[in-house]
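One structure below.
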Amino acid sequence: MSRLKKGFSGNNPIGYLFVAPSMIGIGLFYLVPAVMSFVMMFTDYSFMDKGGLHFTGLDNFNRLMEDASFHNAVGKTFIFLMTVPVSILLSFPIAYALNQSVYWSKLLRTLYFLPYIMNGVAIAFVWMLLFHPGQGPINATLRLIGISNPPGWMAQTDTAIFAVAIIHIWIMVGYNMIIYLAGLQDVPKELVEASRMDGARFWHTIRYVTVPLVSPTTFLLLITGFISAIKTFGIIQATTGGGPGESTSVLSIYIYKTAFRYYEMGYASAISWVLFAIVMLVMLLNWIGQKRWVHY
Amino acid sequence: MKAKLKWALPGLLALMVFASGCGNSGGGAESGNGNGNSNGGATATATDGGGEAAGKTITLKFWGGVPEEAGPLDMVKAWNDANDDVKVEYVRFVNDDSGNLKLDTALVAGENIDLYVSYAKFMVEKRVQAGSALNLSQLEGYDIEGKLGEAVKAWKFEDGYYGLPTVSSQSFIWLNKDALDAAGLPLPALDWTQSDLAAYAKRLSRDTTYGYVQGTNMFSFNMDGELQNDFVKDGKSNLDTPVTRASLEAWHKMMHEDKSMPTYGEQVATKMPVDASFLKGEAAMFGAGNWIFRNANNLTDYPREFKIAFATVPRPDGARSDFRMEGGLSDVVSINPKSAYKDEAWKFLQWYADEGVTYLSKGGRIPASGQVDNSVTMVKLVEGNEQLYDLDSLKNVLFGNQETYINTVPVQLNDLRAEEMENYFLNSRSLDQTMENIVKRHNDLIKRNG
């Protein structure tokens, strides 16, 4: 039987049929646009331009070098990336506590996870009310505890990025917690007990037994967290739209504005590929770093 | 038996794919009903309902930004009742970034659009460049300059008109006359200044939450009335002048010293609905334009008892004597060159400009065509609510022959200026730094665009 015939007579045709829908989807909506944007970044292509493609070499990249708005966006993106370690640090104690036998643990688990599955725009509007500089409950509380001049949150250029970061952290904590809960289930009880028998205190058990044992989970959360933080668009667009000024204009917002407000597709493609390079760089650093602290 | 089973699942899958494919095309045909096939334009469909020997009926698809209930529905009904073989279907898109993107994508992708409305000069420019607008000057039957007057020339491109402005749009100040009366303030003069406005607002803010509110896009209107599109002078940015500075300083003072208007931060952080704020009586004065009529006449959602009067957009202190208000002709209707029924679309457009648009007056649209009588429009603007408007100031401000101009500020320039202005209004930067940044970024933009 020839290889070809064999290939089609076994289970393969069924297999191809099953993967076809997703492969067609990936091809149409990811691969083709990716290749096109790669070509476009060397052109000055504008969406509403019947002139077609003009290759401009590296012009777009020269422009990137001098574009203060782009530099600002890169800086803001890195600030926003800090939400990842913060949300991981916050979610671990919660998961740890919920993994013990506490009252209402199922209810609490659901409550912490809820933000992750809620509608982003709805979340955005609720937080805008919470962050209201004058009458919002957050500032009211701050005033109550004696802070007479609380921050303006989204109404102030130097705090706006932290305001949206807080929302993102709030959303991600629940997700991280669920994943940590799964990881904690795999921590062998014998090891924890053994360390207790050997006289390890509570903190030591966590530091030297639990944390190393869930380090693969932490690594997973770091990777997925960075990816999701870098692509965050919805809550920023819905709350501040990149403002005030350019204070929350992260790369995804800047790309959107360049592509779909100014229709500068060529330049937007170039920024997108820079964003891709940043993602790859962050992943690479993670990957290199993991050998030192991830224990499988 | 086993072999048969093996194929059962993929067979089912194939069937499902096929079926969903059918479903899609069915849906496509449905949504495209009456507006045609992939080559754009309108297609002929048999009349349903009537179904007599009427032959073929054409349905033109007309995209506009005015909500259906604010006039377009009545307009479509009037046309459809009078025309048996050419029907019109109105499709509403929201006139914001994503709405315009939707329209542009549909135009470029060759979707069936016969006519559409553009609301800014830079958008018409883009669409002309993309070959998405028909040169109307090549068509006969409508004397564009004759009917729309000198002002229409602002919409002329090198080789003709690519769209017909149908509405005369204006920016002006809405006043709560009851609040003014209570404070003993007379209606402001037609040539009042930003300082006058500030004084009014300060006095009025004693009785209402705010003396004055305006949409965030209005913060540059006063300086633009001074610049009148001369953004560039000798190849350099012309945005830093004593008058533009005075204008920005006046707003800053109102926010932070007089506290007679909301601070910028508060306004954007809460996405303050400024129109509702005025119509509910929380703010005594409101900078906007004729598009607010559709809310002001809607007493169900915005109940009010006070009378509304009108004032012109105040000029910045030290402004030139020929300061002009932003406004002029707007709502430019273009015909899609890919339309299969250009002649019918052109016939409809002529009717729309002279008559159809009058149905939109109750939503605040003032017809541009000289054929429409101003006094008739005025009646329609306030119809049913006459006692809630000060008709004299309405007449003086809206129909008082004030010189207007069309703002052609490029979108990138408008954005960068707004971003820098925000920093100033939020006290993140001084006025000097703000002006320096605006000029620097503007000069970069000039350099890039040649």
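Hydrogens, waters and symmetry mates are skipped; everything else that's a heavy atom, side chains included, is used. Note on naming: letters A, B, ... go to the chains in the order of the sequence lines (proteins, then strands), and numbering restarts at 1 for each one.
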- Item | Under the salt bridge (charged side-chain N to carboxylate O under 4.0 Å, His left out) test, residues paired with B:Asp104 that sit two or more places apart | B:Arg127

- chain B interface, residue from A:Arg63, A:Met154, A:His132, A:Gln156 that has the most non-hydrogen pairs under 4.5 Å: A:Arg63

- Item | Interchain contact, B:Thr263 with chain A, by part (heavy-atom threshold 4.5 Å) | neither

- Note on the structure: Under 4.5 Å to a heavy atom of chain A? For B:Lys271 that would be both

- Message: Can you see whether A:Thr157 engages B:Ser428 through a side-chain donor-acceptor pair at a distance of less than 3.5 angstrom?
- Response: yes

- Query: Looking at the rings of A:Trp273 and A:Phe38, which for Trp means the six-membered one, are their centres under 6.0 Å apart?
  - Reply: yes

- Message: If only side-chain N and O atoms count, and only distance matters, is there a donor-acceptor pair under 3.5 Å linking A:Asp44 with A:Tyr267?
- Response: no

- Task: Among the options B:Gln412, B:Arg441, B:Glu266, pick out the one with the most heavy-atom pairs lying under 4.5 Å from chain A.
- Result: B:Gln412

- Message: Need one label for A:Thr239: side chain, backbone, both or neither, based on atoms under 4.5 Å from any heavy atom in chain B.
- Response: backbone

- Query: Are B:Phe219 and B:Phe425 close enough that their ring centers fall under 6.0 Å?
  - Reply: yes

- Task: Identify which part of A:Phe131 has an atom lying under 4.5 Å from any heavy atom of chain B, answering side chain, backbone, both or neither.
- Result: neither

- Tell me, side chain or backbone of B:Val108 under 4.5 Å from chain A's heavy atoms, or both, or neither? side chain

- Query: For the candidates B:Asp415, B:Asp444, B:Asn423, which exhibits the highest count of non-hydrogen atom pairs separated by less than 4.5 Å from chain A?
  - Reply: B:Asp415

- Message: Show, in sequence, the C-alpha distance, side-chain angles and deciding distance for B:Asn427 and B:His252, and conclude whether the side-chain contact (heavy atoms from CB on, under 4.5 Å) test is met.
- Response: CA-CA 9 Å; B:Asn427 285 328; B:His252 192 272; 2.7 Å; yes

- Part of A:Pro244 within contact of chain B (heavy atom distance under 4.5 Å): both

- Listed partners of A:Phe162 passing side-chain contact (heavy atoms from CB on, under 4.5 Å), at least two apart: A:Ile79

- Item | Interchain contact, B:Leu426 with chain A, by part (heavy-atom threshold 4.5 Å) | side chain

